[in-house]
There are 2 protein chains.
Amino acid sequence: MSLDERKKRILQAIVDSYIASAEPVGSRFLARRYDLGVSPATIRNEMADLEEMGYLEQPHTSSGRIPSDKGYRFYVDFLLDIHLLADQEIRRINQWYQSRVREIDLQIQRTAKIISQVTQYTSVVMGPSLSEQKLNYLQLLPVGAGSAVVVLVDEAGIVEHRTVDIPSGISEEELSGLTKIMNERLKGRTLEEVKTSLMRELNAELTGYMDRYQLVQDIIEQLVLAMDETIWENQEEKVYLGGTTNILNQPEFRNIEKARQILSLLEEERALHQALSELAPEGITIRIGKENSLAEMSNCSMITARYEIEGKTVGSIGVLGPTRMDYSHVVSVLNVIAKNLNRSLSSKRDKE
Amino acid sequence: MSLDERKKRILQAIVDSYIASAEPVGSRFLARRYDLGVSPATIRNEMADLEEMGYLEQPHTSSGRIPSDKGYRFYVDFLLDIHLLADQEIRRINQWYQSRVREIDLQIQRTAKIISQVTQYTSVVMGPSLSEQKLNYLQLLPVGAGSAVVVLVDEAGIVEHRTVDIPSGISEEELSGLTKIMNERLKGRTLEEVKTSLMRELNAELTGYMDRYQLVQDIIEQLVLAMDETIWENQEEKVYLGGTTNILNQPEFRNIEKARQILSLLEEERALHQALSELAPEGITIRIGKENSLAEMSNCSMITARYEIEGKTVGSIGVLGPTRMDYSHVVSVLNVIAKNLNRSLSSKRDKE
DNA sequence: CCTTAGCACTCTCTTTGCACGAGTGCTAAC
DNA sequence: GTTAGCACTCGTGCAAAGAGAGTGCTAAGG
């Protein structure tokens, strides 16, 4: 894994150049354009070495070299210099987050849009997982006969609702009584806890207080179901995309077949979600080419960062592009945006 | 506009053939394949006439003919025979709608998916416009200090919520009192009415009942804002897509540039929404090529149908494809799906 | 007068050959 | 260890040639 200084410089030059131009890089070009202090012939020798070691590839016998996945990996791990974003760019991003957005999914969706606009790649953002969020408030509102709306509010101010069936024999007073008891007992627990153990515990207890055993049990069962759906829908399903067509600007996707393959993948929320979930718990994760678990993404790299609510990691934001991606820029952008998003998602609570 | 019988048959044959194969249609092919009873030479003469009249076009001097927009229009208006869907297909669609889905936007989203799967084109579905829906129930729930959640339920059982700021000086009792009064007054009015005139009317009245003039006014103002957003977000923004990549299977979009153009358009929710709104108030609408108001869609046709809640038209479902689209099949599919969707959206209410 | 066969013509698409340019690997000299 | 030189390979662009499909027109036939 150890390359001498010159090999590193050459590899770096090749990757930089290829990222910028998408053209295989030749020795003469390198010698001219980068100040390596050696002749093309020497560079050729070094390139032959690098190829043998697996860092470079040659599309055909007499063309320049392009980085292999391994080459990109080395570049990302050891050669990447993250230059700060231009002030202008940072300001632009901050500005986007000036205006306060109430609804969390709108905020997430906007984030996807911003990422894709700033990076000119496709962005992939996972909606927040709510299962670890703590319940602040729960309300059962009767709606017509046999239906009620459950409204859940968590400590971060995220609101969700869901319609459930309730036994028609229960009165409005009973319902609000039930709501009251549940609130006293469940506030401050995570939604996951609420859903599983607590609901059962409460179930047992409530049947003591109230005379209509069966009805209450029915309601609770419905509630558990609804919460399950709510949590699940957010955690397991929602993936927001931005700039999906940006991918078509990349020369590696000029080929319709390749384009279709990757665009189809983007329609598969479930697969995407999985790809996004397999990440390191914090910091920036970079997956290059075949490092991605999905075969369709073997020409792509994905860079992701995490975001938090209440200091707890709840989801990730990411960028999908060709392996020939501007890693440095994207990493910086994701850092800045994650910071903004964190702030904006917590400001909801700071207000209180 | 009047073509003799033979010209009609020839035009129909050409459109059918071109829809099926995407290849320009020549006279020999027509004579052989369709039972027109005349020789290729005669067909050539007729085709020359049809071209002169504007129903056909010739990609280049010595190729077969393809239908012009006008040709498709004639075909759609006078020659289209809508054959019923295969039982199997109908059953398949009905099956999709067997399982009951509570949340309306999920149902709409699923509909988009179904349409695209059945037709193999891209589907475009407009979320329901809520402004004409009648309010069934409204609730203000205090959440933390300074915030409250407004929950709106309409007669069709559609639930929406929104977080609003409220003056911190107001008590929970006052809030529930306010809720009660509002419910009495506003139930049964359309959301649009609630939003505009009634809110003001109520505003005036309430200031009599309650002693804190300013506070109440603040709340109402917030509510109006929230409702505005709610209505607007549904009516003006939400467009659900299905099978966007299906468009890439069409030979006319092999060209990356064209593909990108149309896919970019699909990302522009606002433009799309507008395109969908300009439709006849009921029945099926077909827009062919340049009949579409958006220049990007001049190679495309769009077929749309309306759907209803409570017998009131609230949105539309549609298919976007090349002008060379299987009009007959799509029209049938949309009819069946609209019917299913209507039923499923009203069943929410039938239950009561 | 309408229909049809025949034919010359047009245009696209594919193939072929060829020259060019970019880039390499290798060898020999520095 | 570095470099210049050279032969070699491969992709690309271009022009010419040929095949194929389809037309429009003309003249003959019903």
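Below, chains carry the letters A, B, ... as their sequence lines are ordered, and counting in each starts from 1.
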Quick check on DNA chain C: between B:Arg44 and A:Arg28, whose nearest nucleotide comes earlier from the 5' end?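 Counting from the 5' end, the first nearest nucleotide belongs to B:Arg44.
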So which one's nearest nucleotide on DNA chain C is more toward 5', A:Pro24 or B:Pro40?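 Here B:Pro40 is the residue nearer the 5' end.
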Nearest-Å distance, [atom1] ([X]) to [atom2] ([N])?
| X | N | atom1 | atom2 | result |
| --- | --- | --- | --- | --- |
| B:Leu30 | D:dG22 | CG | C1' | 12 Å |
| A:Asp49 | D:dT2 | CG | P | 11 Å |
| B:Arg33 | D:dA21 | CZ | C1' | 17 Å |
| B:Ile43 | D:dT23 | CD1 | C1' | 13 Å |
| B:Asn45 | C:dC2 | CG | P | 11 Å |
| B:Ile10 | D:dG22 | CD1 | P | 16 Å |
| B:Phe29 | D:dT23 | CZ | P | 12 Å |
| A:Glu57 | C:dG23 | CD | C1' | 17 Å |

Would you say that more than 12 heavy atoms from the other residues, nucleotides or ligands in this model lie under 6.0 Å from the CZ of A:Arg28, or not? no
More than 12 non-hydrogen atoms from neighbouring residues, nucleotides or ligands closer than 6.0 Å to NZ on A:Lys113, yes or no?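 For A:Lys113, atom NZ is not crowded (no more than 12 foreign heavy atoms under 6.0 Å).
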If only side-chain N and O atoms of [X] are considered, is one of them under 4.0 Å from the OP1 or OP2 phosphate oxygen of [N]?
| X | N | result |
| --- | --- | --- |
| B:Ser62 | C:dT10 | no |
| A:Ser27 | C:dT24 | yes |
| A:Arg65 | C:dG25 | yes |
| B:Ser63 | C:dC11 | no |

Ignoring the backbone of [X], work out which of [options] is nearest its side chain.
| X | options | answer |
| --- | --- | --- |
| A:Met47 | D:dT3, C:dT12, C:dT24 | C:dT24 |
| B:His60 | C:dT12, D:dT23, C:dT10 | C:dT12 |
| A:Val38 | D:dT3, D:dC10, C:dG25 | D:dT3 |
| B:Ala41 | D:dA4, C:dT10, C:dA5 | C:dA5 |

Checking side-chain contact (heavy atoms from CB on, under 4.5 Å) for the pair A:Ile288/A:Ile286: CA distance, chi angles, key distance, verdict? CA-CA 6 Å; A:Ile288 298 165; A:Ile286 301 182; 3.9 Å; yes
Classify the nucleic acid contact of B:Thr42 as base, sugar-phosphate or nothing, counting any heavy atom under 4.0 Å across all strands shown.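 Base: the residue B:Thr42, judged by heavy atoms under 4.0 Å, touches a nucleobase.
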Between OG of B:Ser332 and NE2 of B:His83, what distance do you get to the nearest 0.5 Å? 6.5 Å
Measuring from atom CD of A:Glu57 to atom CG of A:Leu50, what distance do you get when rounded to the nearest 0.5 angstrom? 12.5 Å
